[in-house]
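Beneath this line is the structure, given in structure tokens, with notes to follow.
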Amino acid sequence: MKNENTLIHDHDISLICDYFSILQRQGPGSPAMTLKALSFIENLDTQSRIADIGCGTGGQTMVLAKHVTGHITGLDLFPAFIDRFNKNATRLGLNDRVKGISGSMENLPFEEEELDLIWSEGAIYNIGYKRGLEEWRKFLKNGGYIAVTEASWLTEERPSEIHKFWMDAYPEIDTIPNKIAQMQKAGYIPIASFILPEECWTDHFYIPQVKSQNIFLKKYAGNKKAEELVTYQQHEAQLYDLYKAYYGYVFYIGKKLNNM
Ligand code: SAH
């Protein structure tokens with residue numbers, strides 16, 4: 001049954017790709033917050049191996065690439081995003097050390113203990129935060145870092161409308177202390193966490209979508225699924241406006257604890 005709570009994954013995948021590929025980012029975030037998270041990561045150099053998992057078209061990857069000297073592999077399930085990612089890397093002259101590949105975060109193509117840093121903004125929810133932290137850990141060197149953003153409750157209690165929305169969309173959403181405890185239990189030292197400020201959702205995510213929605217609706221005039229997708233995105237933006245005191249995206253940064 002379709003209603004206003006239709007989940008994004010019910011929409012046609014190619015429509016979703018088309019909708020998001022014209023945007024610079026496919027999730028909330030900002031260059032300033034990417035750099036803030038990066039400021040907690042130590043020991044990177046020209047030899048470093050970095051993976052950006054669920055990189056989308058690479059908005060945050062290119063920001064990272066301009067501030068680190070090592071090699072970055074962006075990985076995303078959707079080849080259309082990866083095409084755009086690689087074009088962006090070439091346009092910025094970064095293609096000698098920044099490469100996008102398509103693949104699944106459930107089956108990463110890296111060697112054990114190959115990576116110095118795993119990055120993932122707005123994407124780990126696709127595998128689940130806990131499972132992602134546990135399964136990706138083996139690809140990190142001892143002392144390597146992980147930096148992810150994850151939907152989190154900011155308060156112990158919240159109005160039922162927003163609670164229900166998230167229970168349908170991503171029941172693994174939890175409070176910040178619980179997310180940090182999960183990181184520790186998964187074998188990382190929790191190094192830092194901070195809440196993404198409101199402009200990461202508005203100026204960098206929902207506001208650019210307004211223009212894209214007009215282009216998209218013209219392109220798919222009369223397509224019911226396309227209209228539903230736009231309605232869903234608008235609904236999500238309205239919910240954020242109403243309930244932003246109760247939830248947000250939080251950056252969690254951890255350091256792989258040496259194997260004992
Ligand atoms: N990191 C980007 C994109 C976030 S949107 C940004 O912050 O802008 C989430 C991304 O995860 C999408 O690009 C989606 O294609 C990707 N994704 C979803 N499931 C995936 C999977 N199983 N493996 C790899 N990527 C996946």
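Just so you know, ligand 1 is whichever comes first in the structure, and atom 1 is the first atom listed for that ligand.
At distances below 3.5 Å, not a single donor-acceptor pair connects side-chain atoms of N258 with backbone N or O atoms of N142. Not one N or O on the side chain of D116 forms a donor-acceptor pair closer than 3.5 Å with the backbone of I50. Under a 3.5 Å cut-off, the side chain of Y188 and the backbone N or O of L133 do form a donor-acceptor pair. Remark: side-chain polar atoms of R25 are not paired, donor with acceptor, to backbone N or O of H204 under 3.5 angstrom. Of the possible polar contacts, one joining the K256 side chain to the L140 backbone as a donor-acceptor pair under 3.5 Å is found.
A donor-acceptor contact closer than 3.5 angstrom links the side chains of Q213 and Y19. Using modelled atom types, one finds a donor on one side chain and an acceptor on the other under 3.5 Å when comparing E236 with Y206. No side-chain donor from either of E156 and T175 sits under 3.5 Å from a side-chain acceptor of the other. Using modelled atom types, one finds a donor on one side chain and an acceptor on the other under 3.5 Å when comparing Y220 with D18.
Here the options are E161, H163, R158, the test is side-chain hydrogen bond (donor to acceptor under 3.5 Å, both in side chains), and the partner is Y243; only E161 passes.
Geometrically, ligand 1 and D52 share no nitrogen or oxygen pair separated by less than 3.5 Å. In terms of polar-atom proximity, M105 is counted as a contact of ligand 1, with an N or O under 3.5 Å from an N or O of the ligand. Distances between N or O atoms of G54 and those of ligand 1 include at least one value under 3.5 Å. Between P28 and ligand 1, a contact under 3.5 Å exists for no N or O pair.
For residues 88-119, the ring pair (Phe, Tyr, Trp, His ring centres under 6.0 Å) pairs, not counting sequence neighbours, are W119-F251. Applying the salt bridge (charged side-chain N to carboxylate O under 4.0 Å, His left out) test to pairs two or more places apart or on separate chains, none has a residue in residues 208-217.
Neither the backbone nor the side chain of C17 has any atom closer than 4.0 Å to an atom of ligand 1 (non-hydrogen atoms only). Neither the backbone nor the side chain of F20 comes within contact range of ligand 1; no heavy atom lies under 4.0 Å. Contacts with ligand 1 closer than 4.0 Å are made by side-chain heavy atoms of N126 only, the backbone lying farther away.
Of the candidates N107, T61, D76, D76 brings a heavy atom nearest to atom 15 (O) of ligand 1.
Protein heavy atom at the shortest distance from atom 6 (C) of ligand 1 is Q60 OE1, 3.1 Å. Protein heavy atom closest to atom 8 (O) of ligand 1, with residue, atom name and distance, is Q26 N, 2.9 Å. Looking only at heavy atoms of the protein, atom 25 (N) of ligand 1 is closest to L77 N, 3.2 Å.
Distances below 4.0 Å separate heavy atoms of G56 from the following atoms of ligand 1: 13 (O). Counting atoms of ligand 1 from 1 in the listed order, those under 4.0 Å from a heavy atom of G122 are 4 (C), 5 (S), 9 (C). Using a 4.0 Å cut-off to heavy atoms of R25, the atoms of ligand 1 that qualify are 6 (C), 7 (O), 8 (O). Interface of G103 with ligand 1, defined as ligand atoms under 4.0 Å from a residue heavy atom, comprises 23 (N), 24 (C). Contact atoms of ligand 1 toward E121: 1 (N), 2 (C), 4 (C), 6 (C), 7 (O) (distance under 4.0 Å to a heavy atom of the residue). Interface atoms of ligand 1 facing A123, defined by a heavy-atom separation under 4.0 Å, are 9 (C), 11 (O). For ligand 1, the atoms closer than 4.0 angstrom to any heavy atom of F78 are 15 (O). Counting the atoms of ligand 1 from 1 in the order shown, those under 4.0 Å from a heavy atom of S104 are 22 (N), 23 (N).
Residue G59 places no heavy atom under 4.0 Å from ligand 1.
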